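Residue indices begin at 1 and follow the sequence shown. This structure is a prediction, so every number in the text was calculated from the model and none was measured.
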Amino acid sequence: MRRYLQALWDKAEKANENNLLSMLEYNPNAHLLDCGCGNGKFTLKTESKIRTSKMSGIEIVKDVGILAEQKGVRVKQVDLNRKFPFSDETFDVILIKW
């Protein structure tokens, strides 16, 4: 049962990622914010689709955010329920995967 539920979860997550990626357009000047960036894996997929190098992320779990930083994502440790530590109109693309 556990494997079945995990497979359903993985399938839904992949479909969600594909839907988000399909909505993105090429824009190498875009500044991207990934809310809940995790280890940065999906952030990099998004960066590849847009072709930008200006990536920022918000991640509440410090150790996970460090993994994203190691991949080149600028990460701030922030709770998404709090005020974001960025000025208005900083980002062109804001992702919330969940």
State yes or no: do L67 and V75 share one hydrophobic cluster built from I, L, V, M, F, W and Y residues joined by side-chain heavy-atom distances below 4.5 Å, directly or via other members? no
Are E17 and K45 close enough, and set up right, to give a salt bridge (charged side-chain N to carboxylate O under 4.0 Å, His left out), and what steps lead you there? CA-CA 9 Å; E17 286 182 1; K45 287 182 185 180; 3.1 Å; yes
Using distance alone, with no hydrogens and no angle criterion, decide if N29 and N27 have a side-chain donor and acceptor under 3.5 Å apart. no
Side-chain donor-acceptor pair present, H31, T52, cut-off under 3.5 Å: no
Does the side chain of [X] reach to within under 4.5 Å of the side chain of [Y], using non-hydrogen atoms?
{"X": "P85", "Y": "V78", "value": "yes"}
{"X": "K76", "Y": "F86", "value": "yes"}
{"X": "L21", "Y": "F42", "value": "yes"}

For [X] against [Y], the heavy-atom pair lying closest together:
{"X": "G57", "Y": "C37", "value": "CA-SG, 3.9 Å"}
{"X": "I94", "Y": "C35", "value": "CG2-SG, 3.8 Å"}
{"X": "N39", "Y": "K71", "value": "O-NZ, 3.0 Å"}
{"X": "A30", "Y": "V93", "value": "CB-CG2, 4.3 Å"}

Can you measure from CE (M23) to NZ (K49) and round to the nearest 0.5 angstrom? 10.0 Å
Would you check, one step at a time, whether the test side-chain contact (heavy atoms from CB on, under 4.5 Å) holds for L44 with M55? CA-CA 8 Å; L44 293 179; M55 302 175 297; 3.9 Å; yes
Is R51 reaching over with its side chain to a backbone N or O of S48, donor-acceptor style, under 3.5 angstrom? yes
Please evaluate residues V73 and D34 with respect to the criterion side-chain contact (heavy atoms from CB on, under 4.5 Å), reporting the C-alpha separation (whole Å), side-chain torsions for both, the decisive distance (0.1 Å), and the verdict. CA-CA 9 Å; V73 181; D34 189 356; over 6 Å; no
Begin from the C-alpha positions of F91 and L32 and carry the test side-chain contact (heavy atoms from CB on, under 4.5 Å) through to its verdict. CA-CA 6 Å; F91 300 100; L32 164 72; 5.9 Å; no
Steps toward side-chain contact (heavy atoms from CB on, under 4.5 Å) verdict (L80, I58): CA-CA 8 Å; L80 291 175; I58 291 175; 3.7 Å; yes
